[in-house]
J.: 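One structure follows; several queries about it will come next.
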2 protein chains.
Amino acid sequence: MSRRRVTLADLAEAAGVSRTTASLVMTGRGRELRISHDVEQRVLRAADELGYRPNAVSVGLRTGTTRTIGFVSDTVATSHLAGDMIKGALEAARERGVMLFIGESEGDPELERGLLHAMQDRQVDGIILAAMFTRTIKVPKDIGPAVLLNALPRPASGLPSIVPDEIEAGRSAARVLLDAGHHDEVYVIGAGPTLQDVPADSVAAVERLIGIRETGLKIAGARVCPDWQPEHGLAATRALLADHRPRALICLNDRVAIGAYQALAEAGLSVPGDVSVVSFDDHPIASWMWPKLTTVALPHYELGRKAVEVLFAQMAGEVEPGQVFRVPMPVRHRESVVARA
Amino acid sequence: MSRRRVTLADLAEAAGVSRTTASLVMTGRGRELRISHDVEQRVLRAADELGYRPNAVSVGLRTGTTRTIGFVSDTVATSHLAGDMIKGALEAARERGVMLFIGESEGDPELERGLLHAMQDRQVDGIILAAMFTRTIKVPKDIGPAVLLNALPRPASGLPSIVPDEIEAGRSAARVLLDAGHHDEVYVIGAGPTLQDVPADSVAAVERLIGIRETGLKIAGARVCPDWQPEHGLAATRALLADHRPRALICLNDRVAIGAYQALAEAGLSVPGDVSVVSFDDHPIASWMWPKLTTVALPHYELGRKAVEVLFAQMAGEVEPGQVFRVPMPVRHRESVVARA
DNA sequence: CTGTTAGCGCATTCAG
DNA sequence: CTGAATGCGCTAACAG
């Protein structure tokens with residue numbers, strides 16, 4: 001018994017007014033055009049009884065605006081926590097009565113073009129172009145209103161960017177150790193000691209290192225990992241332990257830290273009793289490890305939120321061309337760092 | 001210099017034909033209506049040069065079909081791997097030239113209604129109603145073409161369901177142990193031994209238990225967890241080890257297994273040397289643990305894929321009312337099970 | 001204060 | 001084989 005959708009014409013007829021009047025009332029412009037209170041109530045009541053809801057497709061065609069935005073990312077599969085970016089965007093969108101199209105390009109420019117087109121053809125009001133790992137991207141031409149999420153444009157494109165504040169995160173991590181009284185025998189696992197010793201294309205690595213070094217914390221040494229995976233963290237830490245005796249480790253992300261924990265355990269070293277560990281990302285496992293890992297969180301949820309906020313601000317002309325927004329990375333103090341006398 | 005979108009009228013003019021002709025050619029119906037090859041080529045060329053792409057909003061209004069489907073789930077935040085369901089749906093949708101709206105209801109029925117409306121107002125062709133943990137859900141009325149993903153309707157609604165085959169997964173887990181020669185001292189962590197001893201609302205728990213018991217594997221004992229979190233797995237396994245000496249553990253999911261690993265390590269027991277461990281879910285961490293965890297995978301990606309396949313099959317009238325599709329859960333053989341003499 | 005008219009971009013009868 | 005006319009559902013000038 002599912003009924004045909006009720007249209008504005010149905011509403012108008014039921015309320016005994018013209019379509020224009022019905023439209024005016026429904027769009028809330030009845031007041032200013034001084035439509036009689038009486039008529040207004042009649043229309044509102046009829047709308048309620050009939051369960052009238054405007055056909056958004058028609059409105060979109062007519063007004064050119066669809067209250068819909070597109071979210072296209074390269075990959076979400078590898079980094080499961082990145083889903084929180086979508087969640088943040090989703091909520092911010094919902095608060096504005098906007099829906100989200102999502103698409104994944106798998107890093108394939110051809111596919112990306114296709115997705116962008118499919119969205120533009122559906123008249124999205126704007127686009128969020130997201131990367132799952134912070135990096136630079138080439139912005140497609142004619143993309144229309146858009147923001148870059150977790151990415152910087154190269155070459156410059158005038159689009160605003162939202163990125164985690166990795167440099168400040170580096171400082172935060174170092175400060176956690178400094179505040180705990182760690183001044184010596186602090187080693188970095190995952191990259192360093194120079195800014196050249198980093199995994200390929202990792203802006204996170206270089207910015208985190210920069211931040212760490214800015215605090216003046218003395219780095220006793222570092223081990224690069226070709227990739228930030230647990231086994232590499234394990235190998236790097238094992239290698240380090242072969243001829244050094246760290247009192248603290250800064251792991252460049254949580255997966256590396258998993259490996260470090262394992263290597264430490266193998267060497268009979270306890271965390272944080274013998275060695276304090278700080279890390280980055282706040283991957284869900286960070287709070288599943290024993291002891292729970294103190295880490296500087298990637299603010300995925302906030303990033304996603306900010307992206308839609310900036311997108312709308314931009315459409316309202318409130319943002320500078322090329323402006324970049326850095327979202328703070330909060331420290332999650334847990335159990336892997338202990339104060340040294 | 002971003003140009004106005006080129007419309008069908010522009011195309012027609014450029015090709016020197018009527019809008020009708022242009023439309024016919026572009027929709028591929030030129031052939032059957034015997035439009036001259038010459039004219040056809042002219043239109044096609046013009047379309048290519050102008051970069052003509054039909055305005056999907058207009059097509060949607062005109063035809064009533066938008067090549068868009070809605071994906072609304074309760075929560076994706078807690079279970080990060082569930083993002084793979086979206087990924088599967090996304091790819092299957094893309095293969096069909098369909099876009100996906102996504103929305104999260106946070107389990108709030110009011111919010112869910114709102115999302116559903118927002119999607120229906122945008123004339124989606126169908127809806128995927130997803131749950132992040134397999135469970136039963138009440139299907140909203142007037143939902144239109146829809147499928148249930150990772151959920152069963154209660155009461156019955158006639159909608160098709162896609163769920164993981166948890167019972168067979170239970171059998172698989174038990175068989176892994178049986179095949180490895182485990183016949184005694186096998187304990188279950190997370191639920192059991194009866195079907196009443198399960199975390200609230202967990203269909204996975206009861207179905208996994210059913211499957212395990214069907215194989216005839218002798219269960220020496222079991223420990224329930226109020227919730228499948230690492231700390232509960234840890235506590236349950238500690239309690240078990242206080243007065244039992246297991247040779248194998250079936251953990252009801254990977255997070256529980258993390259806790260079990262820890263408890264085993266504390267007790268000086270090695271995996272798999274002293275104790276074999278099988279689990280469920282194939283959470284990303286399963287392959288980060290040492291030794292790598294053998295587990296029966298939740299086929300999130302496949303579930304998402306299947307959902308859009310079934311949705312389309314259903315719209316084509318190819319599925320029985322209320323039909324339920326069980327997606328196999330594959331065993332990931334890794335390093336936590338060893339053969340017993 | 002309200003109704004008439006037009007048109008967003010497209011697909012589709014119906015005549016030539 | 002092709003063009004003129006219609007309408008999807010809605011908003012917005014413009015009159016009354």
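None of these values were measured; they are calculated from a predicted model. Residue numbering restarts at 1 for every chain, and letters A, B, ... go by the order of the sequence lines.
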J.: Between B/Val17 and A/Ala56, who's closer to the 5' end of DNA chain D by nearest nucleotide?
T.: B/Val17
J.: Which protein N or O atoms sit under 3.5 Å from an N or O of nucleotides 12-16 of chain D?
T.:
{"unit_1": "D/dA12", "atom_1": "N6", "unit_2": "A/Thr20", "atom_2": "OG1", "d": "3.0"}

J.: May I have the distance from B/Asp38 (atom CG) to D/dC1 (atom P), rounded to whole angstrom?
T.: 12 Å
J.: Could I get the full list of side chain to side chain donor-acceptor pair (under 3.5 Å) partners for A/Glu95, not counting sequence neighbours?
T.: A/Arg305
J.: Counting just side-chain N and O atoms, does A/Thr21 come under 4.0 Å of either OP1 or OP2 of C/dG3?
T.: yes
J.: Grab the NE2-P distance between B/His37 and D/dT2 for me, whole Å please.
T.: 12 Å
J.: With a 4.0 Å cut-off on heavy atoms, is B/Val57 in touch with a base, just the backbone sugar-phosphate, or nothing at all?
T.: nothing
J.: For the pair A/Glu40 and A/Arg45, find out whether any cationic side-chain nitrogen is under 4.0 Å from an anionic carboxylate oxygen.
T.: no
J.: Check whether any side-chain N or O of B/Ser58 sits under 4.0 Å from OP1 or OP2 of C/dC10, and answer yes or no.
T.: no
J.: Which salt bridge (charged side-chain N to carboxylate O under 4.0 Å, His left out) pairs, counting each pair once, include a residue from residues 46-60 of chain A, with sequence neighbours left out?
T.: A/Arg53-B/Asp121
J.: Using a 3.5 Å cut-off and no angle test, enumerate the donor-acceptor pairs between side-chain atoms of residues 54-71 of chain B and protein atoms at least two apart in sequence or in another chain.
T.:
{"unit_1": "B/Asn55", "atom_1": "OD1", "unit_2": "B/Val57", "atom_2": "N", "d": "2.8"}
{"unit_1": "B/Asn55", "atom_1": "OD1", "unit_2": "B/Ser58", "atom_2": "N", "d": "3.1"}
{"unit_1": "B/Thr63", "atom_1": "OG1", "unit_2": "B/Val59", "atom_2": "O", "d": "2.8"}
{"unit_1": "B/Thr63", "atom_1": "OG1", "unit_2": "B/Thr65", "atom_2": "N", "d": "3.2"}
{"unit_1": "B/Thr63", "atom_1": "OG1", "unit_2": "B/Thr65", "atom_2": "O", "d": "3.2"}
{"unit_1": "B/Thr65", "atom_1": "OG1", "unit_2": "B/Asp125", "atom_2": "OD1", "d": "3.1"}
{"unit_1": "B/Thr65", "atom_1": "OG1", "unit_2": "B/Asp125", "atom_2": "OD2", "d": "3.2"}
{"unit_1": "B/Thr66", "atom_1": "OG1", "unit_2": "B/Gln123", "atom_2": "O", "d": "2.7"}
{"unit_1": "B/Arg67", "atom_1": "NH2", "unit_2": "B/Arg96", "atom_2": "O", "d": "2.6"}
{"unit_1": "B/Thr68", "atom_1": "OG1", "unit_2": "A/Arg122", "atom_2": "NE", "d": "3.1"}
{"unit_1": "B/Thr68", "atom_1": "OG1", "unit_2": "B/Thr66", "atom_2": "O", "d": "3.0"}

J.: Between B/Leu61 (CG) and C/dT12 (P), how many Å, whole number?
T.: 13 Å
J.: Under the side-chain hydrogen bond (donor to acceptor under 3.5 Å, both in side chains) definition, can you give me all pairs with a residue in residues 147-159 of chain B, not counting sequence neighbours?
T.: B/Thr134-B/Asn150, B/Thr136-B/Arg154
J.: Separation of A/Arg67 atom CZ from D/dT11 atom P, in whole Å?
T.: 13 Å
J.: Rounded to the Å, how far apart are B/Leu11 CG and C/dA11 P?
T.: 11 Å
J.: Name all residues meeting the side chain to side chain donor-acceptor pair (under 3.5 Å) criterion together with B/Arg135; count only those two or more places apart in sequence or in a different chain, and write none if there are none.
T.: B/Asp74
J.: To the nearest Å, how far apart are A/Arg42 CZ and C/dC1 P?
T.: 14 Å
J.: Hey, does the side chain of B/Tyr52 come within less than 4.0 Å of C/dC10's phosphate (OP1/OP2), counting only N and O?
T.: yes
J.: Figure out the CZ/P separation between B/Arg122 and D/dG9, and round it to whole Å.
T.: 18 Å
J.: Starting at atom CG of A/Asp121, determine the distance to atom C1' of C/dG9, rounded to an integer number of angstrom.
T.: 12 Å
J.: Could you walk me through whether A/Leu116 and A/Val72 pass side chain to side chain contact (heavy atoms under 4.5 Å, CB included), step by step?
T.: CA-CA 8 Å; A/Leu116 256 18; A/Val72 1; 3.5 Å; yes
